[in-house]
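Below is one structure, written out as structure tokens; comments come after it.
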Amino acid sequence: MRRPIRSGSAPQAVGPYSQAIAAGHWILVSGQIGLDPGTGTLVQGGTAAEARQALKNLAAILEAAGVTLEAVVKTTVYLIDLSDFAQVNEIYAEYFREPYPARAAIGVSALPRGARIEIDAIAIAKEP
């Protein structure tokens, strides 16, 4: 069984997809970019500011699913410039604690809305 997860504290989906889907014990969160949920625009300040906002958006969606970032077991980080990787690592460590989720980091040529970073996640849902 699948159910959509929706949060008014994160940007709404900009296409035919859900912010997240809960399926069994899994929560699969769609990629989040640094959109301000209040304005729908990309935050200013470059990769660091966008990374923080993307992680805040991810946290808001997980909260709507009844869990926190501690439930995350896997993330994928997409960067348009892999030279930003060290800076993103520092910010990532502000949001995640040991044991850190498994992670992949991928360099891409472009992201939606001109974003510099996108992060998706897989988390474990609370027991019913």
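Separating the OG1 atom in Thr75 from the CD atom in Gln32 is a distance of 13.0 Å, to the nearest 0.5 Å.
Hydrophobic cluster membership is shared by Ile91 and Leu82, with clusters built from Ile, Leu, Val, Met, Phe, Trp and Tyr side chains linked at under 4.5 angstrom. Placement of Tyr95 and Val29 within a single hydrophobic cluster is found when ILVMFWY residues are connected by side-chain heavy-atom separations under 4.5 Å, directly or transitively. Leu28 and Val72 sit in two unconnected hydrophobic clusters of ILVMFWY residues. Membership requires side-chain heavy atoms under 4.5 Å apart, directly or through other members.
The shortest side-chain heavy-atom distance between Val108 and Ile80 falls under the 4.5 Å cut-off. At a threshold of 4.5 Å between non-hydrogen side-chain atoms, the residues Ile117 and Asp84 do not count as touching. Put simply, the side chain of Thr47 does not reach to within 4.5 Å of the side chain of Asp81, judged on heavy atoms. Put simply, the side chain of Val73 reaches to within 4.5 Å of the side chain of Trp26, judged on heavy atoms. The side-chain heavy atoms of Lys56 and Gln53, taken from C-beta on, include a pair separated by under 4.5 Å.
Listed here is the closest heavy atom pair of Pro37 and Pro11: CB-N, 3.7 Å. In this structure, Gln19 and Ala13 approach most closely via the heavy-atom pair CG-N, 4.5 Å. Across all their heavy atoms, Phe96 and Leu55 have their closest contact at CE1-CD2, 3.7 Å. Nearest heavy atoms, Ile27 versus Ala65: CD1-CB, 3.6 Å. Looking at every heavy atom in both residues, Val67 comes nearest to Ile124 through CG1-O, 3.8 Å. Residues Ala54 and Ile119 come closest through the heavy atom pair CB-CD1, 4.3 Å.
Between the side chain of Ser30 and the backbone N or O of Ser18, at least one donor-acceptor pair lies under 3.5 Å. In this structure, Gln12 contributes its side chain and Ser7 its backbone to a donor-acceptor pair below 3.5 Å. Using a distance-only test at 3.5 Å, with no hydrogens or angles considered, a donor-acceptor pair links the side chain of Asn57 to the main chain of Ile33. Between the Arg113 side chain and the Gly40 main chain, a donor and an acceptor come within less than 3.5 Å of each other.
Atom CD of Gln87 has more than 12 heavy atoms from other residues, nucleotides or ligands within 6.0 Å.
Residue Thr39 is tested with Leu35, Val43, Thr41 for a side-chain contact (heavy atoms from CB on, under 4.5 Å); the sole match is Thr41.
Under a cutoff of 6.0 Å and an axis angle of 45°, Arg103 and Tyr92 form a cation-pi pair.
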